[in-house]
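Below is one structure; the comments refer to it alone.
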Amino acid sequence: MNDSTVAVIVVAAGSGTRLGHPEPKALVPLGGDTILGVALDAVLGMREAPYVVVVAPADRVDEVRERCVPRAAAASVDLVVVAGGLTRQESVARGIAELPREVEVVLVHDAARPLAPSQVFDEVAAAVEGRGRGIVPGLPVVDTVKRVDAEGHVLETVDRSELAAMQTPQGFPREVLESAYASAGAEFTDDAALVAGAGVAVDVVPGDARAFKITVPSDLHRAEQLLTERAAAASAAATRAEPSSRRALPAHAATPRVGTGIDVHAFSDDSETPLWLAGLRWPGERGLSGHSDGDAVAHAICDALLAAAGLGDIGGMFGTADPRFSGAHGEVFLGETVRRLADAGWRVGNVSVQVVGNRPRLAPRRAEAEELLTRIVGAPVSVAATTTDGLGFTGRGEGVTAIATALVVPS
Ligand code: CTP
Ligand code: MG
């Protein structure tokens, strides 16, 4: 049907031991469909039709073929189904063996990430084509990560700023993937590791919270909830499109929205309290008091984002007395806020935040703050600062105010 130069290999041959369902994971029901069916829909939603290889459990190949081929054909997409192997790596290798000659770019995707949006597939494919390198979608790691020995003793804290959690689809120039697989000695947990093991450069592009992997039952529950919300949003949009009911529904429901957030923290009486602001630690500066780390900039951004999306505010979401957030850094709140927005169908357009206070002097570290916050939020964040000419509590140096504005757009 098409001579696509982009192929997507959907690996779906795993048994799903940790999910603990009688069916192999990809065939477990989800949203009135199966996990694989939902994943396939995202692939079929790509801007340009790809060639699709589904790698199915060996004893379910015929059944998967019967379900998937007509569905792909309806979208004018060529799709083949092959039997998987004992490991994910072997399953990918079997998929690679099915690629037609004209394919130049290959995306490898876990069926277990059914809600990865079509847009991520498009972006990864375009980045591989543009850069000629391996491309993996990744998200910043928001939890503190520690190296722990076999006895459960903490050895060290790993520098989180250098870490990213990898997702799929992972994309590669065909010859890179083929030769890396041909020469792979060891087992790798993902294709990027295998390709990097063969000495090929791999770049990370922003991932998407919705591309999470269904591993345990609670993940399946979360996916089910998101699909229910997505179906409700789609039916509301369809109703809006009906001329007869156009007046009954707000015409602005699918347009971008802005929100404002303000946060104030007093400087701590304890001169030993470290200052955390805009996600950064400020050595030598007096800290801010608060249940968390007092990062007024991060908190104001969270409130602006939540307000824009109509999701309430940071106090309602995290609970100011919740012991889990005692001493937590701003990026924990920001990461979770962005995830909640994504779950509710919003992505961040941009954020602008202004700090009002005498100290710390923002200017020398403005670029660093903007870079860090931009990475966490996944959209441009600009940071400005001002003093108040000696007036008010900020002018007297008693505390810091941060005021943020956020733009969110339907995703
Ligand atoms: N996969 C595969 N062939 C295998 C093992 C895994 O195609 N032999 C696929 C899975 O179907 C899944 C993806 O690789 O889409 C990621 O693997 P994982 O989430 O670990 O799935 P399972 O191996 O099925 O789950 P578990 O490890 O809990 O058994
Ligand atoms: Mg597995």
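Whatever order the structure lists them in is the order used to number ligands and atoms, beginning at 1. Values reported hereafter were calculated over all heavy atoms of this structure, with side chains retained and with hydrogens, waters and symmetry mates removed.
- Side chains of Glu229 and Gln225: a donor-acceptor N/O pair is absent below 3.5 angstrom, by distance only.
- The environment of Arg222 atom CZ is dense: over 12 non-hydrogen atoms of other residues, nucleotides or ligands sit within 6.0 angstrom.
- Salt bridge annotation for Asp219-Arg18: absent, with no cationic side-chain nitrogen under 4.0 angstrom from a carboxylate oxygen.
- In this structure, ligand 1 sits under 4.0 Å from heavy atoms belonging to Val11, Ala12, Ala13, Gly14, Ser15, Gly16, Thr17, Arg18, Lys25, Gly85, Leu86, Thr87, Arg88, Ser91, Asp110, Ala111, Ala112, Lys213.
- Ion pair Asp3/Arg101 not flagged as a salt bridge, since none of the NZ, NE, NH1 or NH2 atoms sits closer than 4.0 Å to an Asp/Glu carboxylate oxygen.
- Under 4.0 Å is where a charged nitrogen must lie from a carboxylate oxygen, and between Arg340 and Glu336 at least one such pair does.
- The residues Arg131 and Asp203 are annotated as salt-bridged, a charged nitrogen and a carboxylate oxygen being separated by less than 4.0 angstrom.
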